Each structure stands twice: as structure tokens, then as C-alpha cells.
Amino acid sequence: MTWKPRVRTVLLCVNLSILILPLAGIGILRIYENALLQQTESELTAQAAFVAAAYKTSLLRNFQQSKKPQILESYGIKQSAIKNSDVKQWDPKVPKLDLASDEILPPPPDPVLVTAAITSEVRDAGEEITQIMLDAQQTTLAAIRVVDVNGIVIATTGEGLHQSLANREEVRKALTGEYQSILRQRVSDNPIPPFASISRGARIRVFQAMPVLYQDYVLGAVVLSRTPPNVGQSLYRYRSELIIAALILILMVLAISAITALTLTRPIEAVTRQAEQVARGKSDSVVPLQQPVTNEVSQLSNAVLQMAEHLEARAQYIQDFASQISHAFKTPLTAMRGAIELLQDHQYDMSDDDKNRFLNNLDEDTEYLQNLVQRLLELARADTIRPGNDRTLVTPVIELVAQRSRRLGLDVNIETHSNDKAALISTEILQSIFENLFDNARQHGADQINVSLEYATDAASLKPVCVITIADNGSGISIANQEFIFQPFFTTARGQGGSGLGLAVTSSLLNA
């Protein structure tokens, strides 16, 4: 038999498939949202690097033009942790923000007014790059500020010029030479922009602070901020692709439904139609399903087929049995009716010998019918009997039946090969089996019966069994008739009173 999945396996796969679809969608959206966040971080990093390079170039040039290069050492913040960062060939800043693990900080505090003086070289460098920053903002839409070593804004694309940002954590760390990229809450009184707008409606904002480094000195920091793209807005941009993806998902659901119908619904409907045909009496049209798919449906199909075969065999048995009963009763009843009619018509002119002969015939036919009815009752009881838990010692039952048979002229010899044991059968049924077999032997001319009793172990099931062999010296039966001996009403000793039901009763009792 080929392997077939169980119904619960099919249902589990279908349910898991349906469950995976929304989970996969949520996971993909979450990953996509994080990708948009890191994309914003990468963009800010690139902008900060160019602004920092432009500011450093302008500041160094101003110091050189003012012929005060030694002021750089007094102006910059020397950091021992920085090892010639300006001569490094590569110093990439890999995006690291993650919505799942990074804390979202409160909105940034407002800049603080300060009265500290700003050197002319620093002020001039800030003014030089301000226009560059404003031009870049037209494309990038990012807010850009450059602060000096004290955290004072010396160039900005917005407000807060010459105010201090040293009260911000990311700025303080950047002025120590540490690159910073954080998330802060975004509080806006404006309504959520439509999907087609260039404004972003996310509730968080990316803040980045990159130190401006020269050799072992920190010359300031570039502070940028930008709202990452809203997932809804990003999805709106790819609405055509999403519509195609939605259609694909619908097709997947339809495919899952079709697979479920193929594996469950159709085979069950086919079995149902077969069961309906059995109910209408069309058992011959029931065949095993060619593609039952699942194990349970295959078993159900085979069970329906076996049921149909059993019902058909039972119906045929009842039909044949009714025909045989009719024939078995018809012969003696016809003889009895003829004898009664003769006695009624010639009761005054018939001799006493003829009357006695007809009355003896009536008595024999009546006894035959009585015996036949008794056998039919035994057969009906044998067909409906159910095995129980009765246990019987075998040898005493054989001895009891043997004693009755010896009184009828049979020589019964019993041979046992081991100590007597209890068999799983009732005393009444076992006694009925021996009586039927002994009577059958006597009707076929036997005068000697040999019974051999042995206890053994069944080779297939490894269970203990009781093996009883019964042999007689009767006339036997031809090879052609051997296959019919257990069929009801089949007998070769009808002249000796055989009804053809004894071995049928015995077979039914043993099968039970």
C-alpha cells in the first residue's frame, strides 16, 4: 500500500499555510520598516560626512590665512582615543538603528542661549558652508547644523544660530569623538500628510551627530535629523506591485482551497455517492477509489466496499437460504398432503395395512420437519452468537457426548497428548459442535470415531490453541462435493434423515 497522509495532517498543513500568510506579511512589513529606518540613517551619514569635510577644509584654511595655525591646538579638543583618524583609508559607518532593540528617546530639548564668544575663523567657516547646507537641504530635506567645540551652532539650515546644543546627549558624545545615531519621538501638531505628499508622517525621527576630526583633535560636530519614510507612504509608491502581490496571495488562498477540496472534499463526496448506491441496492457498482489521497478516506472507501460485498453476500445468502428452505419444506409437505388426501378419500375402503403405512409416512415427515425446524433454530442462533469469556475443560465435554454416542452404537476413542486445559468457549457451544460432528459421522455409515486432543502454540499469533482432530470410518465424501459440505441444506444422506444443516451449524459456531 502506498503512503497516504492523514486528514489531521492535511488540516494541519492547511491551517499552518493560512497562519503563515499574515505572519509573513507582518514580518515583511516589520523588516521593511526597519530597512527604511536604516536607509535614512545611511543618507544622513553620507550628508554628515560631506558637511564635516567641507567645514574642516574651510576652518583649516581660515586658520592658515589668519597665520594662526598654532591656535588649532588651543581650539581643538585633543582626544587620546583618536589615532590619526584623518589618515585612515577607510572608516565606514554601518547603519545600526533597529526599531526592535533601540530605545526611542523623548523629543530633543530646545537650544540654549549663550554669551560665549566665537572666534572669527570659526564664524567665517560656518558662514561659508551655510549656503552649501541650504542648497543640499532642498534635495535631502534634512535639518543640518554645525556646532563648534563648545556645542554652539555656527551654521544651520533652520533656527538656533549661535545657540548651544550641548544639552543634547548625542552632541556631547560627538564632541568627545564618538559617532552617534539615535531615535527620538516626533511630536507634530500637523495632521498626518497624505500618501502622495513629500512630508513624512512617521512618529519618530532619526538624529545623527558626527564629529569633525583632524588628526587627534575634535574641531566640532555635524548634527543632522530627518524623519524616516512612513511605511504607508512607501507602500503607496509601490501600489502597483502590491496589487500584484495581493492577487498572488488570493491565488495562493484559492490554491490552498483547491488542494483541500482535492484531498478531502472530493474523495469524501465520492465515498458518499458509493454509500448512497449501496443504500439503493446497487452494490455491484461500488469499487475502491482510484485516488483516495488521505489514509482515512482510503480506509473508509475500503470499509464501504467491504460493507457492500457483505450486504450483497448476505442478500444472496438469504435468497438462496429462502429457496432452500422452501424446497426442504415443500417435499415433506407435499407428501403429507397427498397422504392426507388419500386417507380422506379412501378411509372406508382402505385396508388397515395401507392406513398404517400412510400414517407412518406422516409421522416420519412430521419428525423430519420437526428436526428441520430445530436445525434452523440452531443455525439462526449460531449465526447471531457472539464470543464471550466462558472457559470450558475440553475432555469432560468430549466424554459426555461420547457416552451418548456409544449408546447409539458408535465406538468413540479419545486420545489426549497432555493434561486437560480450559478452552475459551462455552460448554453448551462446544457440546453442540461435538454432537453435530458425531451425528454427521453416524448418518454417513460410521461405527467408529477417533478423537485426538492436543494443546500447542499457534505459529502465526504465538497464542496457545487447542487442536482437536476427529476422524471416522464412514463412507466419506467425494472430492467434487467437499467444497459444499458447509453449505446449508447440502447433504448426501437425505435418505438417512439428514437435513444438510448440521455442518453449517458447526461451521457458524466455530467461526463465532
Side-chain angles (χ1 to χ4, degrees), residues 37 40-41 43-59 62 75 97 104-176 179-193 197-212 218-230:
L37 181 66
T40 302
E41 182 184 5
E43 293 172 355
L44 293 180
T45 300
Q47 297 172 45
F50 280 102
V51 173
Y55 172 67
K56 178 174 66 174
T57 301
S58 178
L59 183 61
N62 290 341
Y75 171 77
L97 292 178
I104 300 178
L105 301 176
D110 295 331
V112 179
L113 294 174
V114 293
T115 58
I118 303 175
T119 62
S120 59
E121 291 84 359
V122 173
R123 184 184 300 107
D124 293 342
E127 292 176 354
E128 289 180 8
I129 66 171
T130 297
Q131 189 59 46
I132 297 175
M133 292 162 48
L134 290 173
D135 292 342
Q137 189 187 36
Q138 297 296 319
T139 302
T140 65
L141 303 180
I144 309 173
R145 293 181 177 90
V146 179
V147 299
D148 63 3
V149 293
N150 297 315
I152 300 175
V153 178
I154 51 93
T156 178
T157 57
E159 300 175 352
L161 186 63
H162 299 164
Q163 296 181 14
S164 176
L165 298 182
N167 58 345
R168 299 187 183 183
E169 178 183 359
E170 64 270 21
V171 175
R172 289 197 301 270
K173 290 186 177 181
L175 292 177
T176 63
Y179 167 81
Q180 283 291 297
S181 185
I182 62 174
L183 296 175
R184 290 187 180 275
Q185 297 177 1
R186 177 175 179 265
V187 180
S188 176
D189 296 331
N190 297 323
I192 298 177
S197 173
I198 62 172
S199 299
R200 297 176 176 179
R203 296 301 181 184
I204 59 174
R205 192 171 178 87
V206 178
F207 284 81
Q208 190 175 98
M210 177 177 288
V212 180
V218 177
L219 305 182
V222 180
V223 182
L224 299 93
S225 63
R226 178 76 169 103
T227 303
N230 185 291

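What you are looking at is a predicted structure, and each value in this text was computed from that prediction instead of being measured.
- Separation of atoms CD1 (Ile154) and OG1 (Thr130) is listed at 7.0 Å; rounding is to 0.5 Å.
- Here CG of Leu59 is found 7.5 Å from OG1 of Thr119. Values are rounded to the nearest 0.5 Å.
- Here CG of Leu44 is found 5.5 Å from CG of Leu224. Values are rounded to the nearest 0.5 Å.
- Residues Ile132 and Val51 have side chains not in contact (no heavy-atom distance under 4.5 Å, counting atoms from C-beta outward).
- Residues forming a side-chain hydrogen bond (donor to acceptor under 3.5 Å, both in side chains) with Thr140 (at least two apart in sequence, or on another chain): Gln47.
- Partners of Glu159 according to the side-chain hydrogen bond (donor to acceptor under 3.5 Å, both in side chains) rule, which considers only residues two or more places apart in sequence or in another chain, do not exist here.
- Shortest non-hydrogen contact noted between Ala221 and Ala174 is CB-CB, 3.9 Å.
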Before giving the answer on side chain to side chain contact (heavy atoms under 4.5 Å, CB included), spell out for Thr176 and Val218 the whole-Å C-alpha distance, their side-chain angles and the decisive distance to 0.1 Å. CA-CA 7 Å; Thr176 63; Val218 177; over 6 Å; no
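- Rounded to the nearest 0.5 Å, atoms CG (Leu175) and CD (Glu170) are 10.5 Å apart.
- Partners of Asp110 under the side-chain contact (heavy atoms from CB on, under 4.5 Å) rule, at least two apart in sequence or in another chain, do not exist in this structure.
- A donor-acceptor pair is defined here as one N or O able to donate and one able to accept, closer than 3.5 Å; such a pair exists between the side chain of Glu41 and the backbone of Leu97.
- With sequence neighbours left out, the side-chain contact (heavy atoms from CB on, under 4.5 Å) criterion links Arg123 to Ile118, Ser120, Glu127.
- In plain terms, the two heavy atoms of Ser181 and Gln208 that are nearest each other are OG-NE2, 3.9 Å.
- Not a single donor-acceptor pair under 3.5 Å links the side chain of Ser58 to the backbone N or O of Ala54.
- The shortest side-chain heavy-atom distance between Val206 and Leu37 falls under the 4.5 Å cut-off.
- Between the side chain of Arg184 and the backbone N or O of Pro106, at least one donor-acceptor pair lies under 3.5 Å.
- When every heavy atom of Pro111 is checked against every heavy atom of Gln163, the shortest pair comes out as CB-OE1, 3.1 Å.
- Atom-to-atom distance recorded for Asn167:CG and Arg172:CZ is 7.5 Å, nearest 0.5 angstrom.
- Tyr75 has its side chain out of reach of Glu121: every pair of non-hydrogen atoms, C-beta onward, lies at least 4.5 Å apart.
- To the nearest 0.5 angstrom, Asp135 atom CG is 12.5 Å from Ile129 atom CD1.
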Run Val146 and Met133 through side chain to side chain contact (heavy atoms under 4.5 Å, CB included) and show every step you take. CA-CA 10 Å; Val146 179; Met133 292 162 48; 3.9 Å; yes
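- The backbone N or O of Ala142 sits less than 3.5 Å from a side-chain atom of Gln137, completing a donor-acceptor pair.
- Side-chain atoms of Val153 and Val147, non-hydrogen and from C-beta on, do get closer than 4.5 Å to each other.
- Every side-chain hydrogen bond (donor to acceptor under 3.5 Å, both in side chains) that Arg205 has, sequence neighbours left out, goes to Ser225, Thr227.
- Side-chain N/O atoms of Glu128 and Tyr55 include no donor and acceptor closer than 3.5 Å.
- When the side-chain contact (heavy atoms from CB on, under 4.5 Å) test is applied to Ile104, the partners found at least two apart in sequence or on another chain are Leu183, Gln185, Ile204.
- In this structure the side chain of Asn150 never reaches within 4.5 angstrom of the side chain of Ser164, judged on heavy atoms.
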